[in-house]
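Order of appearance sets the numbers: ligands from 1, and atoms from 1 within every ligand. All values below were derived from every heavy atom in this structure, side-chain atoms included, with hydrogens, water molecules and symmetry-related copies excluded. Note that the structure is predicted; figures quoted are calculated from it, not measured.
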Amino acid sequence: MGRTGVLLLNLGGPDQLEDVRPFLFNLFSDPEIIRLPFPWLQKPLAWIIATSRAKKSQENYRQIGGGSPLRRITEAQAQAIQASLRQKGHDASVYIGMRYWHPFTEEAIARIKRDQIEKLVILPLYPQFSISTSGSSFRLLEKLWQEDPALNQVEYTTVASWYNRPGYLQAMAQLIAQELDKFPNPDQVHIFFSAHGVPVSYVEEAGDPYQKEIEECTALIMQTLNRPNAHTLAYQSRVGPVEWLKPYTEDALAELGSQGVQDLAIVPISFVSEHIETLQEIDIEYRELAEESGIHHFQRVPALDTHPGFIEDLADLVVEALEAPPIALSQVTQMKKMVKMYPQERWEWGMTTAAEVWNGRIAMLGFIALMIELLSGRGPLHFVGLL
Ligand SMILES: C=CC1=C(C)c2cc3[nH]c(cc4nc(cc5[nH]c(cc1n2)c(C)c5CCC(=O)O)C(CCC(=O)O)=C4C)c(C)c3C=C
Ligand SMILES: [Fe+2]
Ligand SMILES: [Fe+2]
């Protein structure tokens, strides 16, 4: 067998406060994160949102030590997977490809080429598939493959999602059980699954399987845990004025508090590492909100990070993927049936030339209004909290 590699895909996060604004710019420049009918608007809008959000976001990163721990944790996960693969007799090199910050996916691909990797497993570190996460990274890789004929020499396979793996479910159940057992009455504790949200339109219009996979994952974890506790699933980290998946975490916490729930264990479910949304949003903001709502005992279940059972399961997943027939990047997006990734075939309201002209005029007016709002500090986007 030739040289083997594993490419771990992840989001990336700012290493220091100065990185926050360019990191946000990269994130909002991604059409899978903000979907605009006019590609030429993408970068100016990304610049505006990144610039206006940077201060608030920097403050959040300051509260967790001045940067994201994501790179450090992902590197530890990569090393642990590599070591586990070696123990299983597979001499593979593990690479990290982040979508919005260093080490970028492009850098990982350059290393893979330099090391003359012949067989590659592409493995997102997101248990569930979303257009906005794994989908965005797959799309970028598709583009890199199209642009560089040398990559055709790499025989690769792709893993779309893996939220139903027994080893992952057991590791999650074990971490939850450990947290429940810290309470005086473990069976009375309400288990609160908090998933990262996405806009409703991703699921209902674009066919993102994310919500379905999150719901199935929650049910499977509860089944594996095999305890009598009540549980809730809600969605956190909403950005912008559009409707996101509901219930929102803040509303569901307030509702449970008003129902008299006092003991609660919150489980971050869409991400396998500690990051800004566990360390800041849950540990600081939601904790405060829960306490105000009367939930006096609020424990957060830690992220998996380098949990040995979890790492071993990912290493097994890599071995299985190497032995199974290869899955192409294009197949992965088709497998998630109906998923329409940007650019969409044609926007309904852009079918006629007249409509195109009007769409352009409206977009230009919107852009001017946005600039005025940014300069004046007043306007509808400030009102709804986006700026
Ligand atoms: C599975 C997890 C994630 C989904 C789904 C997701 C969708 C999504 N995110 C934004 C906007 C932002 N995300 C930000 C940070 C961030 N997002 C995830 C995970 C998912 N995002 C993680 C792990 C992180 C943190 C990385 C780190 O630094 O530790 C941010 C920046 C932080 C902030 O300013 O709040 C934004 C903005 C959208 C719009 C979206 C779906 C469309
Ligand atoms: Fe996000
Ligand atoms: Fe957030």
**Request:** Please verify whether a non-hydrogen atom of Gly240 lies at under 4.0 Å from ligand 1.
**Result:** no
**Asked** Considering residues at least two apart in sequence or located in another chain, which fulfil the side-chain hydrogen bond (donor to acceptor under 3.5 Å, both in side chains) criterion with Thr105?
**Response** none
**Complete:** Quick note on ligand 1: atoms under 4.0 Å from a heavy atom of Ile33 include exactly 8 (C), 38 (C), 39 (C), 40 (C), 42 (C)
**Message:** Testing the 3.5 Å rule here: is there a donor-acceptor pair between the side chains of Gln79 and Glu75?
**Reply:** no
**Asked** For residues 268-295, which residue pairs qualify under ring pair (Phe, Tyr, Trp, His ring centres under 6.0 Å), counting only residues two or more places apart or in two chains?
**Response** Tyr126-Phe271, Phe271-His275
**Complete:** Under 4.0 Å between heavy atoms, the region of Gln128 that gets near ligand 1 turns out to be neither
**Item:** Under 3.5 Å: N/O of Ser270 near N/O of ligand 1
**Value:** no
**Message:** I'd like to know if Ser237 contacts ligand 1, where contact means a heavy-atom distance under 4.0 Å to any ligand atom.
**Reply:** no
**Request:** Determine the sole option in Glu274, Glu281, Glu285 for which the salt bridge (charged side-chain N to carboxylate O under 4.0 Å, His left out) test with Arg300 is passed.
**Result:** Glu274
**Request:** Give the single entry among Glu281, His275, His196, Glu274 that approaches atom 19 (C) of ligand 1 most closely by any heavy atom.
**Result:** His196
**Item:** cation_pi(Arg238, Tyr248) dist<6.0 Å, angle<=45
**Value:** yes
**Asked** Which is closest to atom 42 (C) of ligand 1 by heavy-atom distance: Tyr202, Phe271, Phe23?
**Response** Tyr202
**Asked** Do any nitrogen or oxygen atoms of Tyr61 come within less than 3.5 Å of a nitrogen or oxygen of ligand 1?
**Response** yes
**Asked** Heavy-atom contact under 4.0 Å between Tyr100 and ligand 1?
**Response** no
**Prompt:** Do Trp145 and Tyr156 make the cut of ring centroids closer than 6.0 angstrom?
**Reply:** yes
**Prompt:** Quick one: does Leu24 get within less than 4.0 Å of ligand 1, heavy atoms only?
**Reply:** yes
**Message:** Over 60° means perpendicular and under 30° means parallel, so tell me whether Phe23 and Tyr61 are parallel, tilted or perpendicular.
**Reply:** perpendicular
**Complete:** The reported gap from OG in Ser68 to CH2 in Trp101 (rounded to nearest 0.5 angstrom) is 11.5 Å
**Asked** With a 4.5 Å heavy-atom cut-off, do Gln211 and Ile214 have their side chains touching?
**Response** no
**Message:** Distance under 4.0 Å to a non-hydrogen atom of Phe28: what atoms of ligand 1 satisfy this?
**Reply:** 37 (C)
**Request:** Please identify which atoms of ligand 1 are closer than 4.0 Å to at least one heavy atom of Gly13.
**Result:** 28 (O)
**Request:** Counting heavy atoms only, name the option from Leu27, Ile131, Ile64 that's nearest to atom 30 (C) of ligand 1.
**Result:** Leu27
